[in-house]
Protein chains: 2
Amino acid sequence: MSESIESIQVWCAGEDWCPVTSTATLICRKWHPVIVHRLLNAGPMGFTELKDEVDGVSSKVLSDSLEDLQSKNLVDRSIISEKPFRVEYSLTSQGAELEPVIRAMEDWGQNNLRAPADANSGRF
Amino acid sequence: MSESIESIQVWCAGEDWCPVTSTATLICRKWHPVIVHRLLNAGPMGFTELKDEVDGVSSKVLSDSLEDLQSKNLVDRSIISEKPFRVEYSLTSQGAELEPVIRAMEDWGQNNLRAPADANSGRF
DNA sequence: CGGCATCCACATGGATACTG
DNA sequence: CAGTATCCATGTGGATGCCG
């Protein structure tokens, strides 16, 4: 994994191409959906802000994940030249279009995993 | 990963629980979304049928993935006692509820990855 | 602040061969 | 048909420490 977006696009030209597999290849990595979710909800953010939002992730892993997301054109990184300089991560237009996927994941998790603690749900 | 559904539910009782992270933990594995997709589209299937549907997966990995999906209560496995016996994989009710997630992934892939080959799309 | 360097552990995937 | 048994490669994550 961590293929470049180009190699994925080449693959997409092939015969047995599947949109589900392709999308999974891009976002099926432990922290990717949460990172996108936080950027959707709270807008552009700096590294440390993002690290605080994404509970449990380490600097190294967040850094790796962001690099992967950039290579896949889902996240943009821009350097704000102030003193001291800041870095800002945001979703690309393609990344922002992942919203339906992320929201569906959010809904499913709420309905199917939080249920055991709730009294009003029939599930579990 | 490959935690049992029980340990995930325990985790869901915690403070910093996040539905997106939780859902990601369950289905973010290379072949999981495709497997669910095929079971949604074509209904219950035997092992070999499924292997044919999921292009590129090996027996071992499909077997591992199905075992993981069963442990998470997303897929059911039933043995049909005929001669010769058959095995049938199907989605549990929870698994079936993943449909919005999978469809969203399918849509995104179609709109954002197939685009380079299409002339009528503005993207890329 | 926004990382990178290092090292390590382990989960996961892939290839091949074999079985009841 | 429906897998299991090996073995191996690598992706990915996690911990710690350091840097400009």
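Each chain gets a letter, A, B and so on, in the order the sequences are listed, and its residues count up from 1.
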Contact summary for A:Glu106 and B:Pro19, nearest pair of heavy atoms: O-CB, 3.5 Å

Whether the side chain of A:Arg114 engages the backbone of A:Gly109 through a donor-acceptor N/O pair (distance < 3.5 Å, no angle test) should be reported. no

Looking at B:Leu66, is its backbone amide N or carbonyl O close enough to the side chain of B:Gln70 to form a donor-acceptor pair, meaning the two atoms are under 3.5 Å apart? yes

Within the structure, does a side-chain N or O atom of [X] lie under 4.0 Å from either OP1 or OP2 of [N]?
X: A:Arg29; N: D:dG13; value: yes
X: B:Tyr89; N: D:dC1; value: no
X: A:Arg77; N: C:dG3; value: yes

Check each of B:Val34, B:Leu40, B:Asn41 against B:Ile102 using the side chain to side chain contact (heavy atoms under 4.5 Å, CB included) test, and report the only one that passes. B:Leu40

Is there a donor in the side chain of A:Thr92 and an acceptor in the side chain of A:Gln94, or the other way round, less than 3.5 Å apart? no

Gap between atoms [atom1] and [atom2], on [X] and [N] respectively (whole Å):
X: A:Leu69; N: D:dT12; atom1: CG; atom2: P; value: 12 Å
X: B:Lys72; N: C:dA11; atom1: NZ; atom2: P; value: 12 Å
X: A:Asp55; N: D:dG13; atom1: CG; atom2: P; value: 16 Å
X: B:Phe47; N: D:dC1; atom1: CZ; atom2: C1'; value: 10 Å
X: A:Met45; N: C:dC1; atom1: CE; atom2: C1'; value: 16 Å
X: A:Leu66; N: C:dC4; atom1: CG; atom2: C1'; value: 14 Å
X: B:Arg86; N: D:dA2; atom1: CZ; atom2: C1'; value: 12 Å
X: A:Lys30; N: D:dG11; atom1: NZ; atom2: C1'; value: 14 Å

Do B:Ile35 and B:Leu62 make a side-chain contact, defined as non-hydrogen atoms from C-beta onward lying under 4.5 Å apart? yes

Please tell me if the side chains of B:Phe47 and B:Val87 come closer than 4.5 Å, counting only heavy atoms from C-beta onward. no

To the nearest 0.5 angstrom, please state how far the CZ atom of B:Arg77 sits from the CG atom of B:Leu69. 13.5 Å

In plain terms, say whether B:Lys60 and B:Asp64 are close enough for a salt bridge, that is, a side-chain N and a carboxylate O under 4.0 Å apart. yes

If you check the A:Trp31 side chain, which of D:dA2, C:dG13, D:dG13 turns out closest? D:dG13

Protein within reach of the bases, or only the backbone? For nucleotides 15-20 of chain C, mark each nucleotide 5' to 3' as B, S or -, using heavy atoms under 4.0 Å. B-----

Work out how much the helix from C:dC1-D:dG20 to C:dG20-D:dC1 bends between its end axes, five pairs an end, to the nearest 10 degrees. 50°

